[in-house]
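Right, one structure below, let's go through it.
Every chain is numbered from 1, with letters handed out A, B, ... down the list of sequences. On a predicted model such as this, the values are computed, not experimentally measured, just so you know. Excluded from the calculations below are hydrogen atoms, water molecules and symmetry mates; all remaining heavy atoms, backbone and side chain alike, are included.
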There are 2 protein chains.
Amino acid sequence: MQREKINVLIERYLSVSFLVTKKAAALVKCEIDEDMTNDQYYLLRYVKKRETCTSTELASVFGVNKSAITAMMNRLVDKGLIQRTRDENDRRVVYLTLTEKGNEWFVKTEEKIHKLVESLIMKFSEQEIESFIQTYEKLARILQELEETQ
Amino acid sequence: MQREKINVLIERYLSVSFLVTKKAAALVKCEIDEDMTNDQYYLLRYVKKRETCTSTELASVFGVNKSAITAMMNRLVDKGLIQRTRDENDRRVVYLTLTEKGNEWFVKTEEKIHKLVESLIMKFSEQEIESFIQTYEKLARILQELEETQ
DNA sequence: CAAAAATAGTTCAACTATTTAACTATTAAA
DNA sequence: TTTAATAGTTAAATAGTTGAACTATTTTTG
């Protein structure tokens, strides 16, 4: 690929990626739940998927400091969506899991989210969306490797 | 597309999009300039590209409140990268432009950004990256329309 | 034309997210 | 058994955000 073409691609990528992220985040907050921030939603979603996990794991996955996780988790605990349980064998460890209320909230919200994302996905062909997500996943792997080699 | 396939695509999209965003933002802050946040960088980049613009325009484009723009612009003004100029004809309007220092910073940084993004882009085929960005741009247009109809 | 409405931007209070450093408690290693 | 390392929290500082109230200007309109 020649330099000129690369520069054009970079410009297009930079112009679009940040704005899409912002608008998608606003959409979630707006349409899904006024009281839930984007970060809190993705945190909750990750914990739900993993069933249980620790602050350290979340900090590593989300690429933030452990104290940032503590702060956000405090808010989710205050809302009654997350509970903390100490490991009886290694009493330093605290497990984070969804409460019953958290599970209910998640199931209810997941329907809304799916409807919202589905209405977007429908505007693309199956082939288009499949290759988009594949590239996204490849990008995620590359960024992950990059992070690990530093 | 049948329901099952759609749900899988949604799961994959949600799993990957937030993390990529986070990691890309961290990368910019880390590799490019410790003192520049991701938001500030994209704000500066937009102003640079438009040559000059107003808070109202930025608020609309970035999908945030005008007072958020004021706050961020204050920080960029404090850093000496952005200057405010009042419109002489309509004295309510304030134009935001890059200072000389802002321009220098941008040119210097753009080289680093390009190198960084290029090293990522090189891991993809031209066809792959082209169709990825096209889909991204289409998504941006759809989100924009969605916002306007609300 | 003067009062009312609209527009551009700022300020302020409240909140969320984040980092860094210092800290507690616990476990593992020397 | 002292020393390291690990897991997590707390506290202070900074950034980003919203919404409401505000100032200063046009624009509209009765």
Side-chain angles (χ1 to χ4, degrees), chain A residues 18-19 21-23 25-30 33-44 46-47 52-79 81-97, chain B residues 18-19 21-23 25-30 33-44 46-47 52-79 81-97:
Chain A
F18 187 69
L19 295 184
T21 308
K22 275 265 146 114
K23 287 186 192 290
L27 204 61
V28 166
K29 188 165 173 63
C30 222
D33 190 339
E34 284 277 353
D35 292 332
M36 179 69 62
T37 68
N38 208 242
D39 296 79
Q40 284 171 20
Y41 170 69
Y42 280 101
L43 224 43
L44 205 60
Y46 186 87
V47 176
T52 183
C53 67
T54 65
S55 288
T56 303
E57 176 182 348
L58 286 168
S60 154
V61 170
F62 284 81
V64 297
N65 202 292
K66 279 193 291 182
S67 53
I69 301 292
T70 299
M72 282 188 288
M73 278 303 166
N74 281 341
R75 286 174 207 115
L76 289 170
V77 169
D78 290 346
K79 286 178 187 168
L81 302 175
I82 287 276
Q83 63 197 355
R84 291 184 166 104
T85 329
R86 239 175 224 293
D87 183 332
E88 282 308 317
N89 297 323
D90 185 342
R91 293 194 48 74
R92 291 169 301 180
V93 178
V94 174
Y95 294 120
L96 299 158
T97 44
Chain B
F18 187 69
L19 295 183
T21 308
K22 274 264 146 110
K23 287 185 192 293
L27 204 61
V28 166
K29 186 165 175 63
C30 218
D33 190 339
E34 284 276 353
D35 292 332
M36 179 69 63
T37 68
N38 208 241
D39 296 81
Q40 284 171 22
Y41 169 69
Y42 279 101
L43 224 43
L44 206 61
Y46 186 88
V47 176
T52 183
C53 67
T54 63
S55 287
T56 303
E57 177 182 348
L58 286 168
S60 153
V61 170
F62 284 82
V64 296
N65 202 293
K66 279 193 291 182
S67 52
I69 300 293
T70 299
M72 282 189 285
M73 278 304 165
N74 281 341
R75 286 176 206 114
L76 289 170
V77 168
D78 290 346
K79 285 179 187 166
L81 303 175
I82 286 277
Q83 63 197 355
R84 291 184 166 105
T85 329
R86 240 177 222 290
D87 184 330
E88 282 307 316
N89 297 323
D90 186 341
R91 293 192 50 71
R92 290 169 303 181
V93 178
V94 174
Y95 293 120
L96 299 159
T97 45

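- The partner of C/dT27 is absent, by the rule that a Watson-Crick or G-U pair needs both atom distances under 3.5 Å.
- We find that CD of B/E88 is positioned 11 Å from P of D/dT25, with the value rounded to whole Å.
- Across all strands shown, A/D39 has heavy atoms under 4.0 Å from sugar-phosphate atoms exclusively, and none from any base.
- Out of D/dG8, D/dT17, C/dT26, the shortest distance to the side chain of B/M72 is found at D/dT17.
- Inter-residue side-chain proximity for B/L58 and B/M73 is flagged as met; some heavy-atom pair is nearer than 4.5 Å.
- For a distance-only test at 3.5 Å, the side chain of A/R92 qualifies as a donor-acceptor partner of the base of D/dT6.
- Put simply, CG on A/L43 is 14 Å from P on C/dT16, counting in whole angstrom units.
- At a threshold of 4.0 angstrom between heavy atoms, the contacts of B/K29 with the nucleic acid are absent.
- Which of C/dT18, C/dT27, D/dG8 sits closest to the side chain of A/R75 comes down to C/dT18.
- Backbone-only engagement by B/D90 is indicated by non-hydrogen atom pairs under 4.0 Å involving sugar-phosphate atoms exclusively.
- Remark: C1' of C/dG9 and OH of B/Y95 are 13 Å apart, rounded to the nearest angstrom.
- Taking side-chain N and O atoms only, A/T37 has no distance below 4.0 Å to OP1 or OP2 of C/dT16.
- Backbone-only engagement by A/N89 is indicated by non-hydrogen atom pairs under 4.0 Å involving sugar-phosphate atoms exclusively.
- Separating the CZ atom of B/R86 from the P atom of D/dT23 is a distance of 15 Å, rounded to the nearest angstrom.
- Taking atom NZ of residue A/K66 and atom P of nucleotide D/dT10, one finds them 13 Å apart after rounding to whole Å.
- Across all strands shown, D/dA24 pairs with C/dT7; the Watson-Crick or G-U wobble distances both stay below 3.5 Å.
- B/S67 comes within contact range of at least one nucleobase, with a heavy-atom separation under 4.0 Å.
- The phosphate of C/dT18 has OP1 or OP2 within less than 4.0 Å of a side-chain N or O from B/K22.
- With contacts defined as side-chain heavy-atom distances shorter than 4.5 Å, the pair A/L96/A/R84 qualifies.
- With D/dA7, D/dT17, C/dA17 as the choices, the nucleotide that has an atom nearest any side-chain atom of B/A68 turns out to be D/dT17.
- Distance, A/Q40 CD to C/dT18 C1': 14 Å, rounded to whole Å.
- For C/dG9, the OP1/OP2 oxygens have a side-chain nitrogen or oxygen of B/T56 closer than 4.0 Å.
- Between the side chains of A/N65 and A/S67, at least one donor-acceptor pair of N or O atoms lies under 3.5 Å.
- Base orientation of D/dA4: syn (glycosidic angle within 90° of 0).
- Of the listed nucleotides (D/dT9, D/dG8, C/dG9), D/dT9 has the atom at the smallest distance from the side chain of A/R84.
- Aromatic ring centres of B/Y46 and B/F62 lie closer together than 6.0 Å.
- Using a 4.5 Å cut-off on side-chain heavy atoms (C-beta onward), B/Y42 and A/L19 make no contact.
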